[in-house]
Amino acid sequence: MGFENDGEFRLIELVQKFKYVDNLYSEVNNGGNLSIPKPGPGNYESKVTHAVSGIDINIQPAWSLYDQAQNKRSVIVAIIDTGIDINHQELRNAIWTNPGEIDGDGIDNDGNGYVDDIHGWNFYSNNNKVFSGSEDSHGTHAAGTISASRGSYGIAGITDNNYVKIMPLKALGGKEGVGSPDAVIKAIKYAEEKGASICNLSMGTTGYSEELAQTMKNSHMLFVVSCGNGGVFRPWL
Ligand SMILES: [Ca+2]
Ligand SMILES: [Ca+2]
């Protein structure tokens, strides 16, 4: 609904509400096996919401300008989240590949401390598996919003994934999409060292980590973070 607002949109509301946890989280499931509630007649409510037409990100003119541009620069966007389905047909062309790493040889070829990190790293489980199935739906969703292929089937991301590549860094996991500040800090440092210039953090926390705050402050990357999910007020923000 953010791409084009023509005055009304259908809002799908989850009946099963989010809850707060004492750690970083993406979204919370109250007992099912998926990180979003299972589809079913009792799980969703649908209603039409009226809005002011044109209040959207106005993406079509931006695409036109971008497509006309002669010199497009390559940009790496690190997504620190749950994992990402890197083989999804909408995302295959969008996934960053580590140019200094040889896949599957059991050797840390680029010497960054991570073995076979060919498409990012899993800081939740400390391995190179950046997609573990249904628990990684949230990160896959975020990647799609940023860089799903245009002109393919299904949705379109806001960027041209011929130039904008996604670096999958899994720091949240399990059925509740929870992770530690330490995992996020390590992922931020990884992203910076491997050339990301934008870092997406679609997550929230009810706690404060001075080390995480300083890591972000000392980074040269642009951080895009979620804000206001759940409406909790924190005075330090
Ligand atoms: Ca490596
Ligand atoms: Ca290797």
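No experiment lies behind these values; they were computed from the predicted model shown. Order of listing sets the numbers, starting from 1, for every ligand and every atom in it.
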Q. Any idea which N/O/S atom from Asp108 gets closest to the Ca ion (ligand 1)?
A. OD1
Q: Carefully, step by step, assess Val164 and Val77 under the rule side-chain contact (heavy atoms from CB on, under 4.5 Å).
A: CA-CA 7 Å; Val164 178; Val77 180; 3.7 Å; yes
Q: State, with a plain yes or no, whether a side-chain heavy atom of Ile76 is found less than 4.5 Å away from one of Lys194.
A: no
Q. So, is Asn98 placed with an N/O/S atom under 3.0 Å from the Ca ion (ligand 1), counting both backbone and side chain?
A. no
**Q.** Path from Tyr190 to Ile188 over hydrophobic side-chain contacts below 4.5 Å
**A.** yes
Q) So which of the N, O or S atoms of Asp116 lies nearest the Ca ion (ligand 2)? A) OD1
Q. Once rounded to 10 degrees, what value does the angle at the Ca ion (ligand 2) take between OD1 (Asp105) and O (Ile102)?
A. 90°
Q: Measure from the Ca ion (ligand 1) to every N/O/S atom of Asp110 and report the name of the nearest one.
A: OD1
Q.
With a 4.0 Å cut-off on N to O distance, would you call Asp81 and Lys170 a salt bridge?
A. no
(Q) If you consider just the N/O/S atoms, which atom of Glu101 is the closest one to the Ca ion (ligand 1)? (A) OE1
Q: Please confirm if an N, O or S atom belonging to Ile107, backbone or side chain, lies less than 3.0 Å from the Ca ion (ligand 2).
A: yes
Q | Side-chain H-bond candidate by donor/acceptor type, Asn122 with Asn128, under 3.5 Å | A | no
Q: Could you label the plane-to-plane angle of the Trp121 and Phe123 rings as parallel, tilted or perpendicular, counting under 30° as parallel and over 60° as perpendicular?
A: perpendicular
**Q.** Identity of the N, O or S atom of Asp117 lying closest to the Ca ion (ligand 1)
**A.** OD1
Q | Pairwise distance CG(Asp160) to CG(Asp67) - rounded to 0.5 angstrom | A | 6.5 Å
Q.
Taking backbone and side chain together, does Asn112 place any N/O/S atom at a distance below 3.0 Å from the Ca ion (ligand 1)?
A. yes
